[in-house]
Amino acid sequence: MKTRRLGDTDLELSVIGMGTWAVGGGGWRYAWGPQDDEESVRALLRGVEMGVNWIDTAPVYGLGHAEEVVGRALKEISPPPLVATKLGRRWKDDGTIYGDLAKSSVKEECEMSLRRLGIERIDLYQIHWPDPEDRIEEAWEAVAELVEEGKVRYAGVSNFSVEQMERVRKIHPVASLQPPYSMLRRGIEEEILPYCGRNGIGVVVYSPLQKGLLTGKYTREKVAALPEDDHRRGDPRFREPHLGLNLELVDRLKRVAERYGKTCTQLALAWVLRRGEVTSAITGTRRPAQIEEAVAAGEWELPEEAAREIEELLAEHERKTASLC
Ligand SMILES: NC(=O)c1ccc[n+]([C@@H]2O[C@H](COP(=O)([O-])OP(=O)(O)OC[C@H]3O[C@@H](n4cnc5c(N)ncnc54)[C@H](OP(=O)(O)O)[C@@H]3O)[C@@H](O)[C@H]2O)c1
């Protein structure tokens with residue numbers, strides 16, 4: 001598997017990373033339906049076996065459960081992959097999730113993550129959301145202290161704007177940004193990606209398959225049959241009038257992919273990796289077959305002709321989407 005250096009750090013990340021949001025399992029506000037922990041562990045082990053060298057998780061995924069499952073997988077892997085987790089999303093006993101960036105909360109969260117993951121140091125510790133926004137400096141100071149204490153190797157942010165990165169960089173270097181990026185969500189292309197490229201900030205993009213939509217494996221029937229506690233039921237991209245247009249686009253993307261002997265999943269991953277500022281694409285991994293398919297994209301460079309054709313399809317899709325409003 002190809003690797004890219006994470007910004008100015010000395011971490012070499014495989015261009016495909018494994019995301020564990022769905023590994024958190026069912027029964028919480030942002031669940032992806034029920035999940036078999038054994039299968040999650042098998043998927044993570046399979047990914048590492050195939051060359052993926054890093055896992056992204058967060059305490060809030062399954063309210064602590066995803067980190068525990070990652071911890072179980074880590075026990076079975078030697079040498080261990082790099083582990084990235086996050087801070088700043090807390091929850092109450094009734095499952096309500098809220099943002100907390102107080103220094104004491106960050107320190108407490110770090111201890112709990114280390115315990116659940118069964119590790120002594122977090123390779124990449126990211127502020128999950130700039131929420132509450134007026135406390136990002138306070139949280140960043142706490143993370144800088146954790147680096148000093150040896151509990152964290154590198155500090156990153158997620159869902160931050162350029163202005164927010166500028167604010168925290170004055171306190172401690174920003175190793176990486178974790179933003180959303182896919183053919184259906186291109187908001188970072190004009191300002192954020194060039195800024196990160198210029199400033200030695202690595203970029204690890206999330207939801208490159210737009211939560212599965214761009215795999216080409218979703219149909220209206222499959223979406224209608226999503227479990228009751230799969231949060232995608234409420235996602236506008238999985239609902240009409242957008243769903244129909246998205247499925248129509250995916251049908252056309254599939255035909256492009258087939259011409260290169262690839263799947264739509266591989267096309268979508270290679271497409272985000274065409275941007276040099278992107279260090280790695282984090283794809284949701286809860287079944288071994290999913291990561292097996294994704295890994296092949298890490299070896300493939302998107303041909304320029306395919307990129308041009310995709311650009312045309314996306315422009316047309318955007319026009320149709322805009323006309324809905
Ligand atoms: N920082 C943040 O705020 C933030 C936000 C979102 C995500 N993330 C991170 O980024 C990771 C990736 O995001 P995501 O989970 O939305 O990623 P994604 O890769 O866009 O979508 C993942 C989903 O797509 C389907 N899928 C994946 N590979 C497939 C394959 N080869 N064939 C068929 N279906 C496949 C699976 O859904 P089914 O199994 O249901 O089919 C999988 O759960 C998360 O797990 C999390 O670690 C971070």
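Counting starts at 1 for both ligands and their atoms, in listed order.
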Novice: Mind checking whether Trp28 and Tyr61 have parallel, tilted or perpendicular rings, split at 30° and 60°?
Specialist: tilted

Novice: Less than 4.5 Å apart, side chain to side chain, heavy atoms only: is that true for Leu124 and Leu82?
Specialist: no

Novice: Ring centroid separation for Trp271 and Tyr181, is it under 6.0 angstrom?
Specialist: yes

Novice: When the ring planes of Trp21 and Trp32 are compared, do they come out parallel, tilted or perpendicular, using 30° and 60° as the limits?
Specialist: perpendicular

Novice: Test: ring pair (Phe, Tyr, Trp, His ring centres under 6.0 Å). Region: residues 75-117. Which pairs qualify, not counting sequence neighbours?
Specialist: none

Novice: Charged N to carboxylate O under 4.0 angstrom, Arg233 versus Glu228?
Specialist: yes

Novice: Collect the protein residues that have a non-hydrogen atom under 4.0 Å from ligand 1 and hand them over in chain and number order.
Specialist: Gly19, Thr20, Trp21, Trp32, Asp56, Tyr61, Lys86, His128, Trp129, Ser158, Asn159, Gln178, Tyr206, Ser207, Pro208, Leu209, Gln210, Lys211, Gly212, Thr215, Lys217, Tyr218, Arg232, Thr265, Ile282, Thr283, Gly284, Arg286, Arg287, Gln290, Glu293

